[in-house]
Amino acid sequence: QRPIVRLLSCPGTVAKDLRRDEQPSGSVETGFEDKIPKRRFSEMQNERREQAQRTVLIHCPEKISENKFLKYLSQFGPINNHFFYESFGLYAVVEFCQKESIGSLQNGTHTPSTAMETAIPFRSRFFNLKLKNQTSERSRVRSSNQLPRSNKQLFELLCYAESIDDQLNTLLKEFQLTEENTKLRYLTCSLIEDMAAAYFPDCIVRPFGSSVNTFGKLGCDLDMFLDLDETRNLSAHKISGNFLMEFQVKNVPSERIATQKILSVLGECLDHFGPGCVGVQKILNARCPLVRFSHQASGFQCDLTTNNRIALTSSELLYIYGALDSRVRALVFSVRCWARAHSLTSSIPGAWITNFSLTMMVIFFLQRRSPPILPTLDSLKTLAEDKCVIEGNNCTFVRDLSRIKPSQNTETLELLLKEFFEYFGNFAFDKNSINIRQGREQNKPDSSPLYIQNPFETSLNISKNVSQSQLQKFVDLARESAWILQQEDTDRPSISSNRPWGLVSLLLPSAPNRKSFTKKKSNKFAIETVKNLLESLKGNRTENFTKTSGK
Ligand code: CTP
Ligand code: MG
């Protein structure tokens, strides 16, 4: 279903939106949303944030006339664009051309009153629209999908693809965040920012992680952090004269305690007054304290932290890597999907590998190709325009994508996928660490089973949580998958076939689990028998495809 995104006359803004969509993508085009803009990350963030500030979220009646709806809202100011989506009801995201229109809309809105309960008055950009005449509307509006296709549908799409490369690109196109979903993510952060601004008027709530680094899958969580740098920097403005003015402030013994106090009060605020914020959990004793909650209307699971500038910088680095070559995201999405299908990753925290670690492994692997597909972080540092140090960590790297030379490597996705599994199926995890800064293995500084150096906080291991048994599971599955792809070389079905092949074979349950999915009872479920098992799965298609959800 195509979402309804209508551009009404709104000088300036429309032209800007269209320009962005016209930006060229990498060499392989996989769809509209795959056109990764070659803009600076900070430009993209600022533009989307400004857009979100002009946007409102409206819970609508299930049946509504789109024209009447737009006509009603246009009273408050011209609308730049809008779309509808469903999530426990029908919602509309409406972007006005000017911020001022929101004030007019709020002035024309009242606080509801019910006989049974008392509403706490709260003025926000999240509204509830009611019909005066309940029976007047019959039509349903078309709504934009905020979740990926079912596995059954995806499975069929992949089986009918023309090549393994085509399968990887199809998977990317189906799973990546859509324009509407991205808008909804920035809007959600903007709504939370309004609440935080009650305490910290100059704060910014910034999304980071997979919502912005181009590796996000529909349904992934929304990581956001409260940025108080603007508040802090106000005092940095140079004013002439012999005096220095400071704010009177309260002091606490450490940065960590400050973070805990700020998050504690924001957690309370979201819990008591935040429209649509439910299940608020304050997880303040974690290494990185956070407030976790569900934003019901958008359907996002949100993690709010403070002072996470380094994580935002690593999101920018991934954004750059994702934009440099169109094969990067296709490979990362498939590896993430493969890992989820085999329960190597989970939405529950634990000893599993995370998507972030998997992305780092793919980047490292692509740096190791000959010629390399991705540059090392050290070489991005040498191309940098400005020096950047955050909390004593050197975060210098080039921000301008046009300064980085494209790779000469022309390897296919099929080859890269196979080689990825072979590479990590045989990697000396017991001795070596993965280091995208230097693009080569290093001796492990400690005995963690999997060591992936944090690119900016270089003394940290981003996969410290991974247990030996989870790593072994990853290695076994990687070997098995390399083997399956090897067999596929000589045993490829015709294009019209709908039997599992290529990427689909890799997403099927792994050898020991296949027992329960096949009618034939066999005692030999070792790697050698995988091929036979795949044969037996021919008639046992989509229903058995492991459910992947969320992450
Ligand atoms: N992060 C980090 N070190 C870690 C874990 C996370 O620096 N050990 C940062 C990364 O910038 C990461 C972000 O925090 O992108 C968010 O973490 P998480 O939600 O776990 O990963 P995502 O990249 O958002 O992936 P997912 O789609 O699984 O949420
Ligand atoms: Mg995340």
Side-chain angles (χ1 to χ4, degrees), residues 36 39-45 177 185 189 204-217 220-227 229 259 286-290 303-325 328-329 331-333 335-336 345 349 353-367 374-381 383-384 386-401 404 433-439 442 450-466 551:
I36 293 290
R39 289 181 307 151
R40 274 171 189 257
F41 181 74
S42 55
E43 279 169 21
M44 183 272 300
Q45 282 238 318
L177 302 185
R185 285 171 189 270
C189 288
I204 299 177
V205 172
R206 299 186 191 275
F208 70 100
S210 59
S211 298
V212 299
N213 66 16
T214 72
F215 295 101
K217 178 188 161 200
C220 69
D221 69 356
L222 172 55
D223 304 292
M224 51 175 99
F225 79 99
L226 179 76
D227 187 353
D229 273 10
T259 299
R287 188 185 72 83
C288 181
L290 73 142
D303 278 351
L304 172 68
T305 49
T306 69
N307 294 334
N308 230 340
R309 285 219 148 240
I310 295 187
L312 184 68
T313 305
S314 63
S315 302
E316 178 164 12
L317 180 66
L318 293 194
Y319 171 90
I320 287 173
Y321 278 131
L324 281 181
D325 190 291
V328 181
R329 295 172 65 237
L331 200 58
V332 168
F333 271 73
V335 168
R336 283 183 169 204
T345 52
I353 294 183
T354 61
N355 282 329
F356 182 54
S357 296
L358 287 170
T359 308
M360 289 295 179
M361 289 168 100
V362 175
I363 290 171
F364 182 74
F365 164 74
L366 295 175
Q367 291 174 334
L374 287 177
T376 64
L377 177 52
D378 274 345
S379 65
L380 294 181
K381 187 175 157 194
L383 293 173
D386 304 306
K387 211 172 165 218
C388 169
V389 176
I390 304 172
E391 293 156 24
N393 298 292
N394 193 332
C395 298
T396 308
F397 61 92
V398 63
R399 265 50 179 195
D400 178 358
L401 283 156
I404 311 166
S433 68
I434 291 165
N435 182 313
I436 67 157
R437 185 163 272 285
Q438 292 168 13
Q442 302 278 293
L450 176 60
Y451 198 105
I452 305 176
Q453 191 196 54
N454 184 310
F456 300 113
E457 291 170 281
T458 52
S459 62
L460 298 180
N461 171 11
I462 65 162
S463 47
K464 201 180 158 109
N465 61 311
V466 177
K551 294 190 174 190

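Computed over heavy atoms, backbone and side chain alike; hydrogens, waters and symmetry mates excluded. Positions are given from 1 along the sequence.
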Backbone N or O of L226 within a donor-acceptor pair of the T306 side chain at under 3.5 Å? no
Which of T214, L324, V212 passes side chain to side chain contact (heavy atoms under 4.5 Å, CB included) with Y319? It is T214
**Request:** Could you verify whether a donor N or O on one side chain and an acceptor N or O on the other, from Q367 and Y321, lie under 3.5 Å apart?
**Result:** yes
In terms of heavy-atom contacts, D223 and G209 come closest through OD2-CA, 4.0 Å
For Q45, is there any backbone N or O sitting under 3.5 Å from a side-chain donor or acceptor partner on R40? no
The reported gap from CG in L304 to CE in M224 (rounded to nearest 0.5 angstrom) is 6.5 Å
- Answer yes if the side chains of S433 and N435 hold a donor-acceptor pair under 3.5 Å, and no otherwise. no
Closest non-hydrogen contact found for E391 with N307 is OE2-O, 4.1 Å
| message | Working note: N394 + F456, criterion side-chain contact (heavy atoms from CB on, under 4.5 Å); need CA distance, chi angles, decisive distance, verdict. | response | CA-CA 7 Å; N394 193 332; F456 300 113; over 6 Å; no
Heavy-atom donor-acceptor pair, S211 side chain to P207 backbone, under 3.5 Å
no
*Please step through side-chain contact (heavy atoms from CB on, under 4.5 Å) for the pair S210 and F356, ending with a clear verdict.*
CA-CA 8 Å; S210 59; F356 182 54; over 6 Å; no
Closest heavy-atom pair, F215 versus G322, reported as atoms and distance to 0.1 Å, is CZ-CA, 3.7 Å
Do any N or O atoms from the side chain of S315 and from the backbone of A311 form a donor-acceptor pair under 3.5 angstrom?
-> yes
request  = Compare all side-chain heavy atoms of I436 with those of L317 and state whether any distance is below 4.5 angstrom.
outcome  = yes
Q.
I want to check something: taking the side chain as every heavy atom from C-beta on, are N308 and C288 in contact at a cut-off of under 4.5 Å?
A. yes
Separation between CG (L383) and CG (D400), nearest 0.5 Å, reads 10.0 Å
*asked:* Checking T345 against T354 for the side-chain contact (heavy atoms from CB on, under 4.5 Å) test, could you report, in this order, the C-alpha distance in whole Å, the side-chain angles of both residues, the deciding distance, and whether it holds?
replied: CA-CA 6 Å; T345 52; T354 61; 5.8 Å; no
Here the pair of heavy atoms bringing T396 nearest to C388 is OG1-N, 2.9 Å
| message | Main chain of V466, side chain of S463: is a donor-acceptor contact present, judged purely on distance under 3.5 Å? | response | no
Between the CZ atom in R437 and the CD atom in Q453, the distance rounded to the nearest 0.5 Å is 7.0 Å
| query | Less than 4.5 Å apart, any side-chain heavy atom of L318 and any of I363? | reply | yes
*Donor on one side chain, acceptor on other, D303 and T305, under 3.5 Å*: no
Determine whether a donor-acceptor pair (N or O, by modelled atom type, separation under 3.5 Å) exists between the side chain of T359 and the backbone of N355. yes
Check: Within the distance-only criterion (no hydrogens, no angle test), does the side chain of N393 pair as donor or acceptor with the backbone N or O of E457 below 3.5 angstrom?
Finding: no
Correct closest heavy-atom pair for D229 and D227 would be N-OD1, 3.0 Å
Practice prompt. Side-chain contact test, heavy atoms from C-beta onward, threshold under 4.5 Å: evaluate it for I462 versus M360 and give yes or no.
Written response: yes
### Query
Is the cationic atom of R399 (NZ for Lys, CZ for Arg) positioned less than 6.0 Å from the six-membered ring centroid of F397 and within 45 degrees of its normal?
yes
When you look at M361 and I452, which way does the side-chain contact (heavy atoms from CB on, under 4.5 Å) test go after all the steps? CA-CA 8 Å; M361 289 168 100; I452 305 176; 3.9 Å; yes
Is there side-chain contact between I390 and T313, with heavy atoms separated by less than 4.5 Å?
yes
Separation between CD1 (I404) and CD1 (I320), nearest 0.5 Å, reads 5.5 Å
One should read off an interatomic distance between N213 CG and R329 CZ, to the nearest 0.5 angstrom, of 9.5 Å
CZ (F41) and CG (L401) are apart, to the nearest 0.5 Å, by 11.5 Å
